[in-house]
Amino acid sequence: MHEVVALMAGNVWKIVVQVGDVVEEGQDVVILESMKMEIPVASEVGGVVKAIRVQEGDFVNEGDVLIEIE
């Protein structure tokens, strides 16, 4: 199981995958918004999205788990 984590604090602007989706290494899975900038967060591994731990509009801190990939 691999966890995609927030690399910085910000708001979850958009979740671009759903549970069950197959993702590739380097694919954007979440877009954070911080200081009016959109920051894409990419998966470091390929696999299947098993869980989404945040919702659009949530505030996250650096290191918070966003998505689990298996």
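Without hydrogens or angle criteria, Glu56 side chain to Ile15 main chain gives a donor-acceptor distance under 3.5 Å. Panel note: side chain Gln55, backbone Asp58; no donor-acceptor pair is recorded below 3.5 Å.
With sequence neighbours left out, Lys14 forms a salt bridge (Lys or Arg N to Asp or Glu O under 4.0 Å) with no residue at all. Qualifying side chain to side chain contact (heavy atoms under 4.5 Å, CB included) partners for Ala42, counting only residues two or more places apart in sequence or in other chains: Asp28. Shown here are the salt bridge (Lys or Arg N to Asp or Glu O under 4.0 Å) partners of Glu70, two or more places apart in sequence or in another chain: Lys50.
Ser34 approaches Ala9 most closely through the heavy-atom pair OG-O, 3.4 Å. Among all heavy-atom pairs drawn from Ala6 and Leu32, the shortest one is CB-CD1, 4.1 Å.
Arg53 places a side-chain heavy atom less than 4.5 Å from the side chain of Glu68. Two residues are said to be in side-chain contact when any heavy atoms from C-beta on lie closer than 4.5 Å; Glu44 and Glu25 fail this criterion. Between Val19 and Ile52, some side-chain heavy-atom pair lies under the 4.5 Å cut-off.
In this structure, the separation between CD1 on Ile67 and CD on Glu3 is 11.5 Å, given to the nearest 0.5 Å. Here the CD1-CG distance, from Ile39 to Leu7, works out to 9.5 Å after rounding to the nearest 0.5 Å.
Both Val23 and Val45 belong to a single network of hydrophobic side chains, linked directly or stepwise wherever heavy atoms of I, L, V, M, F, W or Y lie under 4.5 Å apart.
Among Ile31, Val54, Val41, the single residue meeting the side-chain contact (heavy atoms from CB on, under 4.5 Å) criterion with Val12 is Val54.
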> Run the side-chain contact (heavy atoms from CB on, under 4.5 Å) check on Ile69 and Val4 step by step: do they pass?
Replying inline: CA-CA 8 Å; Ile69 296 177; Val4 178; 3.8 Å; yes
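In Met37, the CE atom is not crowded: 12 or fewer heavy atoms of neighbouring residues, nucleotides or ligands sit closer than 6.0 Å.
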